[in-house]
Amino acid sequence: MTTSGRSWLEALAAHPVFRDEGACAADPTRRNQLLAVRGTELIVVVQNEVRLTSLAHAKRALSGADAAPPLPFKVLASDTLDFPITGLAVNPTGKLLAIYGTHEVVMAILPRRGYLQQVGAACAVKALRVGAYYHAPHGCAPIAQVAWHPLGRDGASLLVLTDDALLREYDVLRDLDEPQQTIACVPDAGKAHAALSAEDEDASCAVAFALGDAALAGASDAPDACAPWLLLTLFVLMRNGDVWAVCPVLPKAAAVPRATVHALARADAPSDLARRYAADLARQLGAAPDAGADTSLDDAAGAAHGTAHVVAPASVPHRVAPQGPFLQRPAPVERSDEVPPVASDLFFTRIPPPPGTRAAPLDVLGVGTRDGGVQLGLLAQPIAPRWLQRTPPAAPTPPALVMYESIALPLEAPAQPLAALQEANVLQFVLDPLYPDTVLVTHLRGVHRIALRWAAPLLDALAAGADHAAALVERGVHSEVTCLATTADAHGTAPVVGAALVHDVYLSYTLFAITSDTQLVALEFALRTAPADVPTADVAMAPAYATLLDGGAFAPPAFPARAAPPPGAAHARLAASAEALRAFGGAAEQVRARMRDVVGAARHTQGRVERQVQEMQRQVEQLAEAARRIDALGAAALPARLARLEAAQRASIARTDALLQQLMDEHQPQLSVHERRWLSELERMAREFGVGDAPRAAAREQLHKLEHQLEVLRPSFPRFAARQRDAAPHGQRLGTAQLQRVEALLANEARLLAQARAKMQWIQQALASG
């Protein structure tokens with residue numbers, strides 16, 4: 001906490017990295033991702049500049065005194081970044097950064113630690129264009145989404161999806177110009193359609209893709225046999241809302257978990273081609289070395305242990321076949337019958353079952369539309385691999401998606417029609433890295449959080465049986481939707497154009513989002529606490545308040561049914577006989593019994609009323625006593641206690657920050673003598689050339705002097721060159737290599753002559769002495 005009372009996250013909004021002196025270069029009506037995180041470093045695009053700063057350095061500076069020191073940042077400068085930037089993506093190793101626009105993709109090498117100590121605001125980086133032939137402003141399809149494949153070897157597999165439903169995979173460490181593989185996400189992708197229907201165009205226009213869950217799909221104890229194929233599955237969303245699946249999708253050079261390959265080998269293959277594909281991976285696994293962790297960057301997660309380097313199997317010569325579109329049952333709820341929904345983004349998450357159970361996990365696929373709708377569905381069956389064959393099976397069954405819930409986010413303005421909202425709004429998902437049942441949604445008016453509260457009860461119900469699951473669905477357990485931030489005000493709306501979640505021991509569990517007007521939204525979340533195991537006691541604990549109504553809810557007394565008169569009794573004449581008198585006595589006895597029942601019920605009801613009156617008086621007295629205690633506690637003890645708790649909390653946070661800083665200092669020792677000399681030399685150069693008006697004036701005068709001397713000497717350059725040509729004849733001029741060989745031969749001859757002269761002198765001395 002700062003001494004002014006603001007947290008460092010609130011003060012971070014004034015960081016100079018977010019300073020924008022002009023209009024925003026991003027187009028808020030398109031898909032944008034202008035914010036990325038690498039460990040504890042923040043990468044953001046402001047005024048079409050890629051800026052990099054350290055959040056850990058900012059927290060240390062802003063958590064100190066009120067007058068915080070200047071917060072540095074660097075601009076990643078390169079001549080290749082000459083296009084409007086729409087997105088950033090950091091590769092899994094934290095060394096490479098994908099920078100893309102509407103038609104261009106560039107791969108940049110991120111600087112290592114110590115970049116903040118460099119002189120100057122710009123940091124020159126090496127940036128190379130990716131697929132210049134396929135991604136260009138003229139004649140090429142626009143880019144829909146760019147992401148790094150988590151299974152790429154050395155984190156070098158870059159996936160680029162274009163609007164024509166073609167997915168290209170580039171290995172940026174081997175070939176930047178040609179893709180390693182091109183995958184058609186729909187049949188006849190990339191070809192022009194003869195139909196002029198807008199529906200057909202939307203059905204073949206891709207907007208986003210999502211990869212299978214890499215955390216649990218390869219588990220060796222997967223309950224269903226085809227679960228490992230989920231790791232190799234790609235989900236693609238079309239503009240009209242159709243979802244297609246492509247399986248298997250594996251980078252050409254991949255690092256695959258060994259558990260996944262073993263699970264593929266053990267599982268029952270759905271076809272001969274799938275069996276051949278899994279056997280090829282298993283055969284490579286025997287000779288593949290383990291991929292070690294990358295320790296070149298402290299806060300970059302390298303390749304995980306237990307993975308093996310393999311190559312995408314070439315034993316299956318056929319191309320992978322897209323599967324779909326998914327059958328969505330029941331059909332999603334549309335917000336308007338006149339304006340069709342336009343899909344914007346999708347996400348896939350796998351929710352594991354509770355520990356200790358053998359239930360199958362939930363595979364959740366969510367689709368977001370521009371009108372604020374979010375459709376949540378479950379995969380009805382595992383995705384199986386499929387390839388294009390010359391004799392395809394007759395009418396293959398498309399995969400099914402069981403729609404569980406339709407959510408409508410409140411995004412419409414009172415005077416804004418739905419068509420205008422769809423044109424201006426772009427809805428994007430951000431998966432929670434800690435909790436798979438939570439997803440964040442960024443849109444035109446802020447950020448929402450969707451918590452799938454029905455996932456855990458549904459898993460328990462599925463483990464208990466299908467009847468329990470059906471009852472749960474009928475009961476209608478819904479997701480919890482929470483508005484985290486609102487960017488709309490009286491002056492208009494500022495769409496969120498980038499968001500990322502950070503979970504770090506020093507930076508905590510925080511959401512960072514940036515709006516189109518370069519305003520930062522930073523929210524710190526609370527971690528979930530596991531419920532403690534409550535021991536069961538044999539003796540029940542007595543309640544704190546004992547009510548007088550021990551019987552629970554009051555049940556009115558039941559009266560016996562009224563006896564029906566014998567048939568024809570109303571019309572028969574009463575004769576004075578023994579039978580008539582006995583019947584009359586029985587009827588009178590029934591009337592007296594009913595009267596006794598009525599009197600007893602009245603007494604029971606009156607007693608219940610008296611007990612309720614007494615209970616109400618007791619409750620009013622207890623409520624008055626509680627109100628008096630609350631007033632007494634709030635008037636004197638509560639504010640002081642809250643102040644003590646707040647002071648203790650601040651002291652605890654300060655001690656924790658100091659301990660973390662000490663641990664970081666021990667982990668990264670002080671600068672060496674050579675580093676201090678180098679920094680001193682940089683400071684001297686900065687004082688000499690870049691700080692103050694006098695050094696700049698002296699440097700400018702020195703530059704003018706050197707330019708004048710160069711202009712004076714320039715006319716003599718031709719005469720000097722002609723003199724050199726005249727000194728050596730044209731036919732005798734030698735090159736550098738030839739001249740070196742001639743000099744070597746001359747040196748050898750000189751050495752031989754020296755040896756011969758020494759021998760002659762020795763002979764002369766021997767003759768003279770003899």
Side-chain angles (χ1 to χ4, degrees), residues 5 405 407-408 410 437-438 448-458 460-461 468 471-486 523-562 591-653:
E405 185 180 12
I407 300 174
D437 60 346
T438 302
H448 276 76
R449 178 170 58 187
I450 300 178
L452 309 182
R453 300 302 185 194
W454 47 267
L458 184 58
D460 297 338
H468 295 78
L472 177 67
V473 174
E474 292 179 358
R475 192 164 66 250
V477 181
H478 301 291
S479 301
E480 179 182 345
V481 182
T482 307
C483 181
L484 299 179
T486 303
L523 301 173
E524 184 175 356
F525 298 154
L527 295 174
R528 299 180 187 176
T529 57
D533 295 335
V534 180
T536 58
D538 296 336
V539 181
M541 297 180 61
Y545 177 79
T547 178
L548 296 177
L549 307 176
D550 297 334
F554 176 69
F559 295 98
R562 183 176 180 180
V591 170
R592 286 194 293 271
R594 288 183 59 85
M595 290 178 62
R596 287 194 298 270
D597 293 340
V598 170
V599 172
R603 291 176 179 175
H604 180 67
T605 304
Q606 184 64 27
R608 176 72 181 189
V609 170
E610 292 177 356
R611 287 196 299 272
Q612 286 183 345
V613 171
Q614 295 176 3
E615 178 66 22
M616 183 185 66
Q617 294 176 354
R618 291 182 66 225
Q619 290 182 0
V620 169
E621 294 175 357
Q622 293 288 339
L623 183 62
E625 180 65 22
R628 287 193 296 271
R629 291 184 179 182
I630 291 175
D631 293 339
L633 185 63
L638 186 58
R641 185 177 180 184
L642 290 178
R644 290 195 304 271
L645 290 176
E646 185 177 1
Q649 180 69 15
R650 291 186 178 182
S652 177
I653 293 176

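Numbers here are sequence positions counted from 1.
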Find out whether Arg528 and Thr438 are in side-chain contact, i.e. whether some heavy atom of one side chain is under 4.5 Å from a heavy atom of the other. yes
For Ile407 and Val481, work out which heavy atoms get closest and say how close. CG2-CG2, 3.9 Å
Taking every non-hydrogen atom, the tightest pair across Val477 and Trp454: O-CB, 3.5 Å
Test item: Glu610 and Gln606 side chains (from C-beta on) under 4.5 Å apart, heavy atoms: yes
If I take atom NE2 from residue His604 and atom CG from residue Asp597, how far apart are they, to the nearest 0.5 angstrom? 13.0 Å
Would you say Thr605's side chain and Ala601's backbone share a donor-acceptor pair under 3.5 angstrom? yes
For the CZ atom of Arg629 and the CD atom of Glu625, what is their distance to the nearest 0.5 Å? 4.5 Å
Output yes when Glu615 and Arg611 qualify as a salt bridge under the 4.0 Å nitrogen-oxygen rule, no when they do not. no
Can you check whether Cys483 reaches His448 side chain to side chain, under 4.5 Å on heavy atoms? yes
So CG of Asp437 and OG of Ser479: to nearest 0.5 Å the spacing works out to 9.5 Å
Under a 4.0 Å N-O cut-off, is there an ion pair linking Glu621 with Arg618? no
